[in-house]
Amino acid sequence: MIEIKNIRKSFGSLEVLKGIDLHIDKGEVVSIVGPSGAGKTTLLQIIGTLDRPDTGTVIVDGIDTSRLSKKKLSDFRNQHLGFVFQFHQLLPEFTALENIMIPAYIAGVSRKQARKRAEELLDFMNLGDRATHKPNELSGGEKQRVAVARALVNNPAVILADEPSGSLDTKNKEELHQLFFDLRDRFGQTFVIVTHDETLAAITDRTIHLRDGLIETPIIPQIPEEECSPLETTVSSE
């Protein structure tokens, strides 16, 4: 599903990513964790084609994104990828339903089809009664669920989330975390989530530890071999 090969990225003299190789299977929910400055968000942006690496390739759903022109890359992003950020980034002048429909309009979907899909997603997230509410009339948890629905409206293969529950209280965090797995089970998306939330990382299918621009290899403790006592052989003589 996602194949990352030898990704390097520098900003001036600072090398942020130092040769990342990573494979993510279809339908996996993967978390990326690590200290601030480890390169987590940079890696997520490169996977999401929001930034280009200095070297290396990113292949998503069989498509080598490095070979796409700027226009084709924009179309690819709209049709194959969905984004969820720490802050919902909903447009305040539009209702919840309209915010969800916007990416579908960009993709050229008819108003009727976009509305139907947005309503289905709102119902799935138990927000059907909030469709006509604007962001300032929604709770923090509701805003973030609308943002997730917006990311899903074009049925992308991959959802990329950057600290998606970072601004939520404990109850809404737990509900959002469970929502990711419910969506994976229902729609089959692959989720790549950058997070500092240890609870979320612990329940994902796999956790990628990033430090100083490299993926840390888990250290497997060595168990010392026990000294074996020599076999005693009894020889009987007749």
Side-chain angles (χ1 to χ4, degrees), residues 1-11 16-17 19-32 39-91 94 98-118 120-121 146-164 180 183-184 186-194 205-206 208 210 215:
M1 164 53 64
I2 301 175
E3 192 73 38
I4 299 164
K5 299 178 181 179
N6 193 33
I7 292 297
R8 293 179 177 272
K9 181 67 178 180
S10 296
F11 296 97
V16 178
L17 298 177
I20 300 293
D21 295 301
L22 180 61
H23 176 82
I24 299 173
D25 290 326
K26 179 176 174 57
E28 257 195 304
V29 179
V30 173
S31 55
I32 301 176
K40 303 183 300 296
T41 295
T42 299
L43 178 59
L44 195 75
Q45 289 175 339
I46 288 174
I47 295 172
T49 73
L50 296 172
D51 198 0
R52 287 192 182 270
D54 297 330
T55 64
T57 57
V58 176
I59 299 171
V60 180
D61 213 11
I63 298 172
D64 185 347
T65 59
S66 66
R67 297 180 178 275
L68 299 178
S69 66
K70 187 174 181 180
K71 173 63 169 64
K72 288 185 177 179
L73 196 61
S74 178
D75 293 340
F76 172 85
R77 192 182 304 123
N78 177 257
Q79 295 166 14
H80 294 267
L81 304 174
F83 297 88
V84 182
F85 302 99
Q86 180 174 352
F87 300 102
H88 52 82
Q89 296 185 350
L90 300 178
L91 297 177
F94 295 109
E98 290 166 341
N99 267 282
I100 296 169
M101 293 168 65
I102 289 171
Y105 287 152
I106 295 171
V109 176
S110 70
R111 179 178 177 82
K112 181 179 179 180
Q113 288 177 309
R115 184 182 184 90
K116 180 181 179 182
R117 173 66 171 163
E120 288 173 351
L121 289 167
V146 170
V148 173
R150 179 182 58 191
L152 287 163
V153 71
N154 288 334
N155 196 31
V158 179
I159 300 295
L160 303 168
D162 192 359
E163 298 289 358
F180 292 145
L183 290 167
R184 187 268 302 274
R186 173 71 177 271
F187 300 112
Q189 268 94 7
T190 302
F191 283 79
V192 183
I193 306 167
V194 164
D205 298 328
R206 185 158 50 111
I208 307 300
L210 205 62
I215 293 175

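With values rounded to the nearest 0.5 angstrom, K9 atom NZ is found 6.0 Å from I46 atom CD1. Interatomic distance, N78 CG to H80 NE2, rounded to the nearest 0.5 Å: 9.5 Å. Going from atom NZ of K116 over to atom CG of L121 covers 12.5 Å, rounded to the nearest 0.5 Å. Atom CD1 of I32 and atom OG1 of T41 lie 9.0 Å apart (nearest 0.5 Å). Expressed to the nearest 0.5 Å, how far CG of L43 lies from CD1 of I215 amounts to 7.0 Å. L160 CG to L44 CG: the interatomic distance, rounded to the nearest 0.5 Å, is 5.0 Å.
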*Any chance you could lay out the side chain to side chain contact (heavy atoms under 4.5 Å, CB included) test for V30 and D205, step after step, and finish with the verdict?*
CA-CA 6 Å; V30 173; D205 298 328; 5.6 Å; no
*Give the intermediate values and the outcome of side chain to side chain contact (heavy atoms under 4.5 Å, CB included) for residues I159 and T190.*
CA-CA 6 Å; I159 300 295; T190 302; over 6 Å; no
_Verdict with reasoning, N155 to Q79, per side-chain hydrogen bond (donor to acceptor under 3.5 Å, both in side chains)_ = CA-CA 8 Å; N155 196 31; Q79 295 166 14; over 6 Å; no
*asked:* Under the criterion side-chain hydrogen bond (donor to acceptor under 3.5 Å, both in side chains), I'd like the reasoning laid out for T42 against Q45: C-alpha separation, chi angles, the key distance, then a yes or no.
replied: CA-CA 5 Å; T42 299; Q45 289 175 339; 5.0 Å; no
_Chi angles and distances behind the salt bridge (Lys or Arg N to Asp or Glu O under 4.0 Å) call for D64, K5_ = CA-CA 11 Å; D64 185 347; K5 299 178 181 179; over 6 Å; no
*Evaluate the side chain to side chain contact (heavy atoms under 4.5 Å, CB included) criterion for residues T65 and I59: first the C-alpha distance (whole Å), next the side-chain angles of each, then the deciding distance (0.1 Å), finally the verdict.*
CA-CA 6 Å; T65 59; I59 299 171; over 6 Å; no
_Pair R150, Q89 - check side chain to side chain contact (heavy atoms under 4.5 Å, CB included), show working._
CA-CA 11 Å; R150 179 182 58 191; Q89 296 185 350; 4.3 Å; yes
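Closest heavy-atom contact between A114 and A104: CB-CB, 3.6 Å. Between A151 and V84 the shortest heavy-atom distance is CB-CG2, 3.9 Å. The shortest heavy-atom contact between P103 and N154 is O-ND2, 3.1 Å. Contact record, V148 with L183: CG1-CD1, 3.5 Å, taken as the closest heavy-atom pair. The two residues L210 and K40 make their nearest non-hydrogen contact at CD2-N, 3.6 Å.
Between I2 and L22, every side-chain heavy-atom pair lies at or beyond the 4.5 Å cut-off. The closest side-chain heavy-atom distance from E28 to V192 is not below 4.5 Å. Residues R8 and P53 have side chains not in contact (no heavy-atom distance under 4.5 Å, counting atoms from C-beta outward). Using a 4.5 Å cut-off on side-chain heavy atoms (C-beta onward), I4 and H23 make no contact. Residues L50 and R77 meet the side-chain proximity criterion, which asks for heavy atoms closer than 4.5 Å.
Of the possible donor and acceptor atoms, one in the side chain of R184 sits under 3.5 Å from a partner among the backbone N and O of G27. Not one N or O on the side chain of N6 forms a donor-acceptor pair closer than 3.5 Å with the backbone of G19. Side-chain atoms of D162 never come within 3.5 Å of backbone atoms of F85 as a donor-acceptor pair (strictly under, hydrogens ignored). In terms of modelled atom types and a separation under 3.5 Å, the side chain of S31 and the main chain of I193 share no donor-acceptor contact.
Geometrically, K72 does not engage F76 in a cation-pi contact defined by less than 6.0 Å to the ring centre and at most 45° from the axis. A cation-pi contact, defined as under 6.0 Å to the ring centre and within 45° of the axis, is absent between R117 and Y105.
The only option from T57, L73, T49, T55 that meets the side-chain contact (heavy atoms from CB on, under 4.5 Å) definition with S66 turns out to be T57.
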